[in-house]
Amino acid sequence: MRKKYFFDRIKIEKIKQEGEKMKDKRASYEAEPIRDFRELIARTEKVDPSHIAYKYKIKYDKENIEYVCKTYSTFKKDIEALSTSLLDLGLQGKKIALISSNRYEWCTTYLAVTTGDMIIVPLDKALPENELQSLLQRSGAEAVVCEAKYISAIKNTKDSQLKHIIVMDETTEADCISYEELRLRGRKMRKDGNRAYEAITIDPEKISIILFTSGTTSTPKGVMLSQRNICSNVQAIGMYSRMLPTDTLLSILPIHHTLECTITFLVGTYFRSTIAFCEGLKSIPKNMQEFQVSAFIGVPLILESMHKKIWKGIEEQGKTKLIKFMIGLTKILAKLGIDIRRKVFKPILDQLGGYLRIVFVGAAPLDKKIIQGFNDFGIELVQGYGLTETSPVVSCESDTKKKPGSIGFPLSNLELKIVDPDSDGVGEITVKGPSVMLGYYKNEEATKKAMQDGWFSTGDFGYLDKKGYLYISGRKSDIIVLKNGKNIYPQELEFLINKLDMVEESMVFARNRNSMDTSLCAKIVCSENALEGKTQEEKKEMVWKEVQKINETLPAVKHIKEVIISEEPLAKTTTQKVKRYVEIQKTK
């Protein structure tokens, strides 16, 4: 027995050592640790205070465009000034809501609040008025910083604790405070010797941010995050992929969303990159050119659209065969250590501004063909996975380790395990580590349900391959359980359907014909112009034929038995996630 115990200990020790090696191998770089947002700002500003932190437009008239540049020194001073004014209003320790589009004032407010020992509550600017008011009331915010167009909705919020409405734009409302006046007042107070800001000690472990989830399946929950949560995530991301001080990041996704906020805003700041603001989805190509964008955070919908436009242009010029030949040639040369992609495909890269080198992709899996398509032209795509509750990144590819189809390795400062895996190794993904939330705001029941002994249940199902790469199968709440006990992950089927040229988007769900039979149904929105001139029945017949071809490649239990053709886009959250419960209700 003693001998067996000795060898068991050796075996356990060996497994631990291999695990540590695996942990080290996941990362590509070392990254300087930061404990809170004050350290983040100080680290950035002291290296090169004159470096451009932000560039954006303040006038959009074609004949009179005015560009503004803010250095990291100015950025830091604006944060300190605004925070000093907020503290002077008696808001230390209080909650402050933030509602606006992606803009410089949003960024300064976020850091002024959090570095001044106040709690920031970023809200989704695209929410309907009643939902915005509900979250404002639930948050218990005593002040709100917003754009002028939200003043009416804010004032009409019932049972709110609001004492101050601070407006980013010019306003004639007598009972509102000007953001600019506060900033200038804070500058003067600091010049006159006010050091209230410096007197504050930041506790990185306590609540600093409340983020409300998008509510795709239920009432939005308030996720409580600390500065340690987010800073540990920023540092870990920096060990996997590098942004450069020479990079200009285009902020496209809603900045209140944790993916955009952490990666574009905070990781971009960590690496002293420059941040520019997109004017809208249709303006992406124009903004990429005028701001010389080299990186951005995107969702599959944006990347798929860009890829389609590139190849449509190639086809219209009659250069399809030439480009495909050159792709093959550059791949051969790459294997010999000669990378000439960006020179050969410069005309194509110029359509994207000419500087784009890397895109971080989240929210949903991206087709391998799209990933390879961008890579062929010399643009790297880095896929990742995360949730608001994990600040947000759980796993991502690195600059040196990629596997199309996967979502990379779990971050090196996180533990990840698959709970109750089935015969294919698929089970619920659970995570433990410094970036996992403190809990749900005023919702102990939901917190207990999601957190067990420090492990957070993500609600996503997936598996790890032999090399440690993580793959997502689908949301736990979306899984369709058939009468024979088989689990169907609708995202897998939607992924195949969405690859059809005639399909814009789709949603697969279960249709209960009777108590003994559950069949799979696909609700499909056809691409604009793809089936132009066809009747609804003709469209359905053509789509059904293509879906039957997909069925032939799948096990019988995964066969789609019915299709519904929709003329309207699927209902979505502001982060472009399909509201399944809304769409399912429509079909009843």
Side-chain angles (χ1 to χ4, degrees), residues 95 119-124 131 134-135 138-140 204-233 236 256-259 261-262 362-364 384-396 407 410-411 413-422 426-464 470-479 481 487 489-491 573 575 577-581:
K95 300 178 191 72
I119 299 167
I120 195 74
V121 187
L123 296 178
D124 185 349
E131 290 184 35
S134 172
L135 296 185
R138 283 176 57 195
S139 73
E205 304 286 344
K206 78 175 188 179
I207 179 174
S208 193
I209 304 105
I210 297 175
L211 286 167
F212 285 95
T213 58
S214 56
T216 54
T217 57
S218 60
T219 304
K221 295 188 284 286
V223 176
M224 298 186 292
L225 297 174
S226 68
Q227 292 188 35
R228 176 178 179 257
N229 286 151
I230 294 180
C231 287
S232 68
N233 207 242
H256 79 277
H257 190 258
T258 183
L259 179 67
C261 180
T262 296
Y385 156 73
L387 306 95
T388 304
E389 290 90 339
T390 53
S391 304
V393 180
V394 169
S395 71
C396 68
I407 42 173
L411 294 184
N413 64 355
L414 291 178
E415 294 178 69
L416 185 147
K417 65 181 179 182
I418 306 296
V419 175
D420 297 328
D422 61 18
V426 177
E428 185 172 4
I429 299 166
T430 59
V431 185
K432 188 177 188 179
S435 58
V436 173
M437 68 170 181
L438 303 176
Y440 292 115
Y441 181 61
K442 292 185 177 179
N443 197 336
E444 287 186 26
E445 186 181 342
T447 302
K448 286 177 182 176
K449 189 176 177 181
M451 303 276 288
Q452 294 292 327
D453 299 322
W455 286 92
F456 171 66
S457 299
T458 65
D460 287 310
F461 271 51
Y463 64 93
L464 292 161
L470 181 63
Y471 294 78
I472 295 290
S473 300
R475 286 293 295 170
K476 184 177 181 179
S477 56
D478 298 338
I479 291 172
V481 182
N487 288 344
Y489 301 96
Q491 287 88 350
T573 66
T575 51
K577 294 177 184 175
V578 174
K579 292 184 176 180
R580 291 179 179 272
Y581 66 98

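- Side-chain atoms of Tyr440 and Glu389 form a donor-acceptor pair, as typed in the model, at a separation below 3.5 Å.
- By the salt bridge (charged side-chain N to carboxylate O under 4.0 Å, His left out) test, Lys449 is found to be paired with no residue, residues two or more places apart in sequence or in another chain being considered.
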- Query: Checking side chain to side chain contact (heavy atoms under 4.5 Å, CB included) for the pair Leu225/Leu438: CA distance, chi angles, key distance, verdict?
  - Reply: CA-CA 6 Å; Leu225 297 174; Leu438 303 176; over 6 Å; no

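- Nearest heavy-atom pair across Leu416 and Leu470 is CD1-CD2, 3.9 Å.
- Using modelled atom types, one finds no donor on one side chain facing an acceptor on the other under 3.5 Å when comparing Glu205 with Ser226.
- Summarising the geometry of Ile429 relative to Phe461, their closest heavy-atom pair is CD1-C, 4.2 Å, with the distance given to 0.1 Å.
- Contact detail for Pro392 and Thr388: the closest heavy-atom pair is CB-N, 4.4 Å.
- With sequence neighbours left out, the ring pair (Phe, Tyr, Trp, His ring centres under 6.0 Å) criterion links Tyr489 to no other residue.
- Considering only heavy atoms from C-beta on, Phe212 comes within 4.5 Å of Leu123 through its side chain.
- Partners of Glu131 according to the salt bridge (charged side-chain N to carboxylate O under 4.0 Å, His left out) rule, which considers only residues two or more places apart in sequence or in another chain, do not exist here.
- Taking 4.5 Å as the limit, every side-chain heavy atom of Val431 sits out of range of all side-chain heavy atoms of Leu387.
- In this structure the side chain of Ser457 never reaches within 4.5 angstrom of the side chain of Gln452, judged on heavy atoms.
- Taking both residues in full, the closest heavy atoms of Val436 and Asn229 are given as O-ND2, 3.0 Å, listed atom of the first, atom of the second, then distance.
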